[in-house]
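A short write-up of the structure that comes next.
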Amino acid sequence: MDRLLHKIEELEKEILALKKVNSGFEERILVLEKNGLETNSESVVFKPRVGRLNCWEFKKCGREPGGKSVQELGVCPAAELEKYEGMNRGRKGGRVCWALVGTLCGGRVQGEFAKKSATCKSCDFYEYVLDQEGKDFGYKLIGG
């Protein structure tokens, strides 16, 4: 019985993650419709990203290189730090942002890990990565 309840909880978390991804597609459809493109047209093809999202893709913060918020807030370290490539199966530091100084949270650039860790542990992206990585989840404190 406990195993069944655990499986139901896992499925509910997967559904939540899929709903978040779906909302991104809905936003893209609305933009296409607003710009006069028909979403049922064969010329418009949606290619869902296979794999795992990085924080800038999930949160849509605009701090990736070339992003909408770079001029105001700068490029996020999570989108630049090559040495974290592949950690939690992400690009650069995109799936370990909670352990990096200078990432964006709550509309503000965050500082030291010790000061931001409680906020990060309640973040929907943190939960998303934790759910996907399971026992392989990499949490360790990372130096910038």
Can you tell me how far [atom2] of [Y] sits from [atom1] of [X], rounded to the nearest 0.5 angstrom?
X	Y	atom1	atom2	answer
Ser69	Glu64	OG	CD	8.0 Å
Gln71	Arg63	CD	CZ	14.0 Å
Asn88	Cys55	CG	SG	11.5 Å
Glu133	Arg95	CD	CZ	5.0 Å
Lys59	Cys97	NZ	SG	8.5 Å

Locate the shortest heavy-atom distance separating [X] from [Y]; write the atom from each residue and the value.
X	Y	answer
Ala78	Leu100	CA-CD1, 3.7 Å
Tyr128	Leu53	OH-N, 3.2 Å
Ala79	Trp56	CA-CZ3, 3.5 Å
Gly90	Asn54	CA-OD1, 3.4 Å

Assigning hydrophobic clusters by single linkage (Ile, Leu, Val, Met, Phe, Trp, Tyr; side-chain heavy-atom cutoff under 4.5 Å), is [X] placed with [Y]?
X	Y	result
Leu130	Tyr84	yes
Val75	Trp98	no
Phe125	Leu81	yes

Check against side-chain contact (heavy atoms from CB on, under 4.5 Å), Val129 and Phe58 | CA-CA 10 Å; Val129 175; Phe58 186 90; over 6 Å; no

Look at [X] together with [Y] and state whether they make a salt bridge at an N to O cut-off of under 4.0 Å.
X	Y	result
Lys92	Glu82	yes
Glu127	Lys121	no
Glu85	Arg91	no

Any donor-acceptor N or O pair under 3.5 Å, side chains Arg89, Gln132 |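 No.
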
Please list, chain by chain and in numerical order, all residues satisfying salt bridge (Lys or Arg N to Asp or Glu O under 4.0 Å) with Asp131, sequence neighbours excluded.
->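 Residues passing salt bridge (Lys or Arg N to Asp or Glu O under 4.0 Å) with Asp131: Lys13.
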
